[in-house]
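Note that these values count all heavy atoms, side chains included, but never hydrogens, waters or copies made by symmetry. Order of the sequence lines sets the chain letters (A, B, ...), proteins ahead of strands, with each chain counted from 1.
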Number of protein chains: 2
Amino acid sequence: MIIDLTDPDGDAHERIRTAAVLLFARQGYAATSIRDLGRAVHMTNAGIYHHVASKEALLADLMRVAQQGLNDATERMLATAGAPADRLALLIGSLTAVHARNPLTTRVMDGELRSLTPGSAAHDEIIALRDVYEAHWRRTLADGVAGGTFRVADQKLTRLALMSMCTGTSEWYRPDGDSTLEQVCAEFVTIGLAAVRAPAQVTTSPDYSLLPDFPWEPPDAHNDPRPDEARR
Amino acid sequence: MIIDLTDPDGDAHERIRTAAVLLFARQGYAATSIRDLGRAVHMTNAGIYHHVASKEALLADLMRVAQQGLNDATERMLATAGAPADRLALLIGSLTAVHARNPLTTRVMDGELRSLTPGSAAHDEIIALRDVYEAHWRRTLADGVAGGTFRVADQKLTRLALMSMCTGTSEWYRPDGDSTLEQVCAEFVTIGLAAVRAPAQVTTSPDYSLLPDFPWEPPDAHNDPRPDEARR
DNA sequence: AGGAGGCGACCGAACGTTCGGTAGGAACTA
DNA sequence: TAGTTCCTACCGAACGTTCGGTCGCCTCCT
């Protein structure tokens with residue numbers, strides 16, 4: 001499933017998407033030119049436009065597919081979960097795992113929403129998809145509080161704090177660290193349950209095979225240079 | 001201390017910095033033009049260059065002063081703290097508070113390092129300053145582990161996870177929420193101590209007057225439009 | 001024959017940056 | 001007091017470059 005950016009026989013659309021997620025994550029959308037993309041896939045800027053309607057449409061497409069993938073996977077996993085504590089554990093674990101395993105895609109997802117023209121159809125669509133996702137968190141927290149399992153001062157604050165803990169994973173997680181992905185997720189689940197004052201439970205680790213696997217996420221994404229911690 | 005961007009009698013350098021932090025945080029450095037800055041302070045693009053050597057120097061200056069301010073404040077606060085648990089609590093609380101109170105400045109600090117030319121003197125200087133700051137975290141965690149107070153699987157992972165929880169605050173905290181800043185900080189300290197398996201302690205809330213107050217952070221920063229959660 | 005894929009050349013606009021010039025005031029001299 | 005000389009702050013115009021995007025043509029493959 002690895003994608004060779006320079007292979008002219010590969011699917012061009014897929015190669016462009018792969019290059020886009022790489023460069024958008026590394027330099028940011030605004031600082032990446034169509035010519036940069038072309039250089040990465042061995043094409044001219046004009047060639048890119050044979051496969052893509054516009055630079056912004058490329059970003060929107062990327063974000064839409066990625067967010068949709070997360071939504072689908074989340075709903076698949078939640079389908080078998082019962083109590084709010086179980087659901088919260090699943091939400092935390094899966095969001096963390098997705099960010100750890102797809103750091104480039106998720107960095108674009110989380111950080112480039114502002115690059116879509118406000119009010120455009122694409123922008124509104126991504127926001128709507130994100131709302132659908134966040135509704136799972138909102139409902140889980142509300143259910144837990146209503147049922148007496150959770151005790152939180154401010155549901156919105158708790159949700160955003162936990163989500164930002166999970167999404168932050170894409171900025172620092174490396175698979176060659178001392179902790180496995182499973183350990184990180186379990187750790188975060190423990191922290192999350194503590195944050196809502198729910199009793200820590202023996203967590204059945206989530207089935208990672210249900211998580212979305214973005215085909216354009218390069219296998220060596222974790223070795224991609226990052227501006228910080230460059231020499232550590 | 002509030003700064004009127006359009007007041008021609010105000011200090012021009014200060015006005016430009018204020019506009020820069022606003023626009024860089026809102027649109028990103030790459031998507032902000034010198035002409036945008038000029039428009040914000042009622043100057044032409046040429047006028048800006050009378051006060052600023054280059055666009056990148058403006059960003060570097062901003063980041064350097066901000067990071068230096070955080071470093072100084074952190075060292076002032078740590079000077080009176082003893083045990084690793086106290087020091088960790090201070091680090092968590094102060095980093096959270098700085099991000100909550102200066103969301104625009106901290107978003108630029110945390111997210112625009114990649115916009116500085118890699119290898120340039122300015123880039124290296126910011127990284128060095130950041131290293132100095134992170135060393136406080138590293139040492140605190142190492143001391144706690146060595147002394148038996150903390151029990152963590154992976155110090156680097158723990159540090160980065162906790163720091164990203166704190167820095168995430170700038171993305172969602174609003175002073176008009178259900179929780180005060182003090183409550184958020186206390187909550188995060190509790191979570192952080194749980195993450196290192198240290199006994200939760202009665203936290204003496206940090207002295208927020210020691211925290212850096214960036215003069216260019218607009219007083220209505222929390223009302224500045226953000227791409228996500230726009231309609232919530 | 002004809003469509004898919006791609007190239008070179010090009011467009012208008014915007015970019016960061018530079019340059020010559022100027023209004024206004026302070027400072028000094030006659 | 002009047003005149004000369006600076007200096008700070010800024011503007012209008014332009015520099016060369018790069019931007020996102022378009023157009024026509026060529027070359028394969030079917």
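- Inter-residue side-chain proximity for A:Trp137 and A:Leu88 is flagged as met; some heavy-atom pair is nearer than 4.5 Å.
- In this structure, A:His50 does not reach the C:dG6 phosphate: none of its side-chain N or O atoms is under 4.0 Å from OP1 or OP2.
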How far apart are the C-alpha atoms of B:Val108 and B:Leu59, what are their side-chain angles, what is the distance that settles it, and do they pass the side chain to side chain contact (heavy atoms under 4.5 Å, CB included) test?
-> CA-CA 9 Å; B:Val108 173; B:Leu59 174 64; 3.7 Å; yes
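- The cationic atom of A:Lys55 (NZ for Lys, CZ for Arg) does not lie both less than 6.0 Å from the six-membered ring centre of A:Tyr49 and within 45° of the ring axis.
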Whether each nucleotide of nucleotides 23-30 of chain D has a protein heavy atom under 4.0 Å at its base (B), only at its sugar-phosphate (S) or at neither (-) is summarised, 5' to 3', as B-------
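- Of the candidate nucleotides C:dG6, D:dG21, C:dT18, D:dG21 has the atom nearest to the side chain of A:Lys55.
- At a non-hydrogen distance threshold of 4.0 Å, nothing from residues 56-66 of chain A comes into contact with DNA chain C.
- Taking 4.0 angstrom as the limit, A:His51 places a side-chain polar atom (N or O) nearer than this to OP1 or OP2 of C:dG6.
- For A:Asn102 (side chain) and A:Val98 (main-chain N/O), a donor-acceptor pair under 3.5 Å exists by modelled atom type.
- Side-chain to base pairing of A:Asn45 with D:dG21: one donor and one acceptor N or O lie within less than 3.5 Å of each other.
- The phosphate of D:dG12 (OP1 or OP2) has no side-chain N or O of B:Thr44 nearer than 4.0 angstrom.
- Of all non-hydrogen atoms in B:Met63 and B:Glu112, the two that sit nearest each other are SD-O, 4.1 Å.
- Ring geometry for B:Tyr133 against B:His136 counts as perpendicular: the plane angle is over 60°, on a 0 to 90° scale with 30° as the lower cut.
- For the segment residues 28-37 of chain A, the set of residues with a heavy atom within less than 4.0 Å of an atom of DNA chain C comprises A:Arg35, in numerical order.
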